[in-house]
Amino acid sequence: MLEPLEGKIKPCLIHSDLWDENSAANETTGKPFVFDPTTLYAHNEHEIGNWRAVRHRLSRKEYVEQYKRCFPPDEPVEERNDRNLLYSLRFDLSAAVLIPGSDPREM
């Protein structure tokens with residue numbers, strides 16, 4: 001899945017644990033902010049691997065589409081979903097190990 005990107009990925013600094021519970025809005029200004037990063041220098045598409053899980057509000061289509069507008073998928077675009085599945089494994093495996101009775105354990 002990553003071979004077509006070999007030598008073409010431009011790593012960037014990502015939050016790496018961006019999900020509903022690590023994001024909020026300022027009560028006064030309404031501006032969004034994020035916290036509790038597990039900062040990582042990686043492919044930007046890794047950032048939304050955690051959003052694949054339907055257990056998160058950020059998995060809703062409007063969030064993913066807005067992210068893709070700001071950070072367009074790399075070529076080959078038709079394999080973006082496959083890469084997203086690969087990047088989501090880290091989060092699903094963690095949930096399966098750390099959260100008894102979680103959906104990933106059943107999967």
request  = Would you check if there is a donor-acceptor pair between the side chains of Ser16 and Arg90 at a distance under 3.5 Å?
outcome  =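 The answer is yes; a qualifying pair exists.
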Tell me every residue that passes ring pair (Phe, Tyr, Trp, His ring centres under 6.0 Å) with [X], counting only those two or more places apart in sequence or in another chain.
| X | value |
| --- | --- |
| His15 | none |
| Tyr41 | none |
| Tyr63 | none |

query = Residues two or more places apart in sequence or in another chain: which of them pass side chain to side chain contact (heavy atoms under 4.5 Å, CB included) with Asp36?
reply =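 With sequence neighbours excluded, Asp36 shows a side chain to side chain contact (heavy atoms under 4.5 Å, CB included) to Asn22, given in chain and number order.
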message = Just to verify, what does Asp20 make a side chain to side chain contact (heavy atoms under 4.5 Å, CB included) with, not counting sequence neighbours?
response =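 Partners of Asp20 by the side chain to side chain contact (heavy atoms under 4.5 Å, CB included) criterion, ordered by chain and then number, come out as His56, Arg57, Leu58.
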query = Taking only residues two or more places apart in sequence, or in another chain, which ones meet Glu21 in a salt bridge (charged side-chain N to carboxylate O under 4.0 Å, His left out)?
reply =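 Partners of Glu21 by the salt bridge (charged side-chain N to carboxylate O under 4.0 Å, His left out) criterion come out as none, since no residue qualifies.
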request  = Is it possible for you to say whether Leu89 and Ile48 belong to one hydrophobic cluster, with membership spreading through side-chain heavy-atom contacts below 4.5 Å?
outcome  =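 Different clusters: Leu89 never reaches Ile48 through Ile, Leu, Val, Met, Phe, Trp or Tyr contacts under 4.5 Å.
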message = Count I, L, V, M, F, W, Y as connected when their side-chain heavy atoms are under 4.5 Å apart, and connections chain through other members. Are Phe71 and Leu13 then in the same cluster?
response =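 Not linked; separate clusters.
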Using links of under 4.5 Å between side-chain heavy atoms of ILVMFWY residues, direct or through other members, which residues join [X] in one cluster?
| X | value |
| --- | --- |
| Phe35 | Phe33 |
| Trp19 | none |
| Leu40 | Ile14 |

Go through the structure and list residues passing side-chain hydrogen bond (donor to acceptor under 3.5 Å, both in side chains) with [X], not counting sequence neighbours.
| X | answer |
| --- | --- |
| Glu27 | none |
| Tyr87 | His43 |
| Glu3 | none |

Heavy-atom distance under 4.5 Å between the side chains of [X] and [Y], does that happen here?
| X | Y | result |
| --- | --- | --- |
| His46 | Ser88 | no |
| Tyr67 | Glu47 | yes |
| Asn50 | Leu18 | no |
| Glu79 | Asp74 | no |
| Arg52 | Asn81 | yes |

ask   = NZ/Lys68 to CD/Glu45 distance, rounded to the nearest 0.5 angstrom?
value =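 Reported to 0.5 Å precision, the distance equals 9.5 Å.
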request  = Please indicate whether Glu6 has more than 12 foreign heavy atoms, meaning atoms of other residues, nucleotides or ligands, lying under 6.0 Å from its CD.
outcome  =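 At most 12 heavy atoms, drawn from other residues, nucleotides or ligands, come within 6.0 Å of this atom.
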Shortest non-hydrogen contact from [X] to [Y]?
| X | Y | answer |
| --- | --- | --- |
| Ser23 | Val34 | CB-CG1, 4.0 Å |
| Thr29 | Asn26 | N-OD1, 2.9 Å |
| Ile9 | Pro11 | O-CD, 3.2 Å |

